[in-house]
Protein chains: 2
Amino acid sequence: MIDSTTSASSATKKAVTCANCNLDNLCIPKGLSRSEVGELALLVNRNNIRQKGEAIYHAGSPFRGIIALRSGSAKLLSFDSNGNELVVDFILPGELLGFDGVSSQIHNCTAIALETVNYCHLPAYKIEILAVNTPGLTQVLMQRSCDQFDAQVQKMMLSRRSAEERVACFILHISDRLSMRGYSELEFRLSMSREEIGNYLGIAHETVSRIIHLFQARKLIEVKSKQLKITDKKGLINFYAN
Amino acid sequence: MIDSTTSASSATKKAVTCANCNLDNLCIPKGLSRSEVGELALLVNRNNIRQKGEAIYHAGSPFRGIIALRSGSAKLLSFDSNGNELVVDFILPGELLGFDGVSSQIHNCTAIALETVNYCHLPAYKIEILAVNTPGLTQVLMQRSCDQFDAQVQKMMLSRRSAEERVACFILHISDRLSMRGYSELEFRLSMSREEIGNYLGIAHETVSRIIHLFQARKLIEVKSKQLKITDKKGLINFYAN
DNA sequence: CGGCCAGTTGAGGGCGTTCAATTAGGGTGG
DNA sequence: CCACCCTAATTGAACGCCCTCAACTGGCCG
């Protein structure tokens with residue numbers, strides 16, 4: 001019904017579709033009825049792959065639709081008038097991207113894979129088709145786009161805090177987002193470089209290094225290259241919440 | 001057809017409705033067909049008034065719908081865990097607000113009038129009704145909410161720049177937004193305090209004062225209390241674009 | 001006229017940047 | 001499998017921007 005297999009059962013193993021995707025509580029389908037999800041599944045392009053460093057879309061290219069990361073992570077970049085990169089956001093598995101192209105129908109950000117990614121793609125023209133038959137979708141998309149707004153407010157909060165507080169908050173934020181989709185909340189891999197973290201947080205990459213070192217000295221975390229382990233979550237929280 | 005007057009003409013003077021509102025190129029109706037605007041007009045609550053300092057909505061209150069400022073300006077506030085105010089945005093006449101409540105259906109920001117404001121209100125439950133009959137509305141709202149995303153990216157850019165660049169950019173940005181809706185782009189009133197500007201830009205209010213003074217000394221602007229006149233726009237632009 | 005708050009102006013100190021040097025890590029070819 | 005290279009990450013030292021604290025001025029309103 002939906003995939004290369006002939007079975008129409010939603011329990012089919014090999015055919016990954018919206019109905020049996022393990023991201024269904026995080027992705028667009030959350031909040032949709034079963035029949036609406038079915039309709040959505042018909043229109044989604046699945047199994048798009050990009051290798052590390054490759055672009056998912058470029059700033060200046062036409063908006064083609066909303067994208068859901070199934071695995072791997074990515075960074076969202078903008079560029080200032082001098083061509084300097086600004087890391088706008090990191091996108092983790094199960095999260096959506098593409099909203100930077102909705103308003104003007106031209107992307108003003110570039111999305112780059114930080115590691116091999118597999119993503120689903122809901123084409124723009126199909127969104128309109130869907131909107132007619134599935135009123136729920138409109139609201140879900142609206143919610144997701146406004147999620148971004150909430151996230152940006154949080155980000156503004158950070159810009160008012162010290163470098164140490166920013167890094168603590170960054171680590172905890174990544175932890176929360178990963179645990180929400182079933183990964184370990186205390187031990188994970190930071191797929192982005194110190195440079196990219198610093199760019200994102202608005203501090204120099206040397207400062208990121210120094211602070212990570214400091215956190216280790218205080219027994220809050222353990223770091224080995226990109227692998228990170230939170231050993232004192234409360235300590236980290238107290239660090240920026242006081 | 002739409003208001004208390006009997007005339008159906010869009011040239012009617014006293015009855016302000018979406019069809020003859022001077023904001024129609026900026027507000028929600030932009031991009032909608034004539035009949036869609038008519039339908040919208042039926043559902044909008046007009047002529048809501050708030051005095052300076054009064055709240056349009058509070059953080060924590062349920063989302064009631066999207067609001068369009070017809071006149072006056074407002075500030076959008078968030079609060080950190082210590083209760084400190086963070087100025088998230090300023091809203092000028094013709095601009096929309098309320099998106100901070102869409103995602104969770106609870107506002108996470110507070111909107112306060114900076115001077116007497118008159119606004120229109122599109123109730124949330126009517127948005128759903130409209131979405132069925134006027135597919136264009138969905139897209140327009142989606143666009144507007146994603147506009148906010150674009151704006152936040154611009155804001156992040158600013159946080160990477162010096163205090164002087166931030167103030168220059170702030171002045172030019174307000175100028176642009178005002179000129180877009182027919183006000184003078186070179187001479188206008190800053191309805192917000194130095195404190196609020198500083199809070200918004202992430203710098204101390206003393207720094208705002210100093211920089212405004214500096215810009216005057218360099219003949220870029222003329223300031224008298226809250227009244228501001230741009231005397232060398234190119235100079236201001238060069239100031240942050242180089 | 002007095003009080004109050006917004007705005008201005010000055011001085012000093014701190015946090016994070018910048019510049020520079022060194023070490024570690026990851027990928028490639030011999 | 002190791003030598004090599006190149007980039008990422010770390011660490012150190014000094015400067016500078018902006019914050020903080022403090023005093024003063026100006027405008028508005030009772």
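Two residues, A:Ala204 and B:Val208, neighbour DNA chain C, and the one matched to the more 5' nucleotide by heavy-atom proximity is B:Val208. Each of A:Ser225 and B:Met192 was matched to the nucleotide of DNA chain C holding its nearest heavy atom; the match closer to the 5' end belongs to B:Met192.
As a whole-Å value, the separation of B:His205 NE2 from D:dT20 C1' is 10 Å. Protein atom NZ of B:Lys224 is 14 Å distant from nucleotide atom C1' of D:dC28, rounded to whole Å. In this structure, B:Ile212 places its CD1 atom 18 Å from P of D:dG26, rounding to the nearest Å. For the pair A:Lys52 NZ and C:dG27 C1', the interatomic distance rounds to 11 Å; values are reported in whole Å. Whole-Å rounding puts the B:Ile211 CD1 to D:dC17 P distance at 12 Å. When the P atom of D:dA8 is taken as reference, atom CZ of A:Arg189 falls 14 Å away, rounded to whole Å. Straight-line distance from the CZ atom of A:Arg210 to the C1' atom of C:dG14: 15 Å, rounded to whole Å. In this structure, CD of B:Glu164 is placed 7 Å from P of D:dC18, rounded to the nearest angstrom.
A donor-acceptor contact under 3.5 Å links the side chain of B:Glu206 to the base of D:dC21.
Residues A:His173 and A:Gln154 have side chains not in contact (no heavy-atom distance under 4.5 Å, counting atoms from C-beta outward). Annotation: side chain of B:Lys233 is in contact with side chain of B:Ile230 (closest heavy-atom distance under 4.5 Å).
Among C:dT17, C:dG7, D:dA9, the nucleotide with an atom closest to any side-chain atom of A:Thr207 is C:dT17. Here the side chain of A:Ala163 is nearest to one of C:dT17, C:dT9, C:dG16, namely C:dG16.
In this structure, B:Gly202 reaches the sugar-phosphate backbone alone: every heavy-atom distance under 4.0 Å involves primed, P, OP1 or OP2 atoms, never a base.
Proximity of the aromatic rings of A:Tyr200 and A:Phe90 is defined here by a centroid distance below 6.0 angstrom, and this criterion is met.
For the pair A:Lys226 and D:dA9, the criterion of a side-chain N or O lying under 4.0 Å from OP1 or OP2 is met.
Of the possible donor and acceptor atoms, none in the side chain of B:Ser191 sits under 3.5 Å from a partner among the backbone N and O of B:Ser73. Counting only distance, with no hydrogens or angles, the side chain of B:Asn48 and the backbone of B:Tyr119 share a donor-acceptor pair below 3.5 Å.
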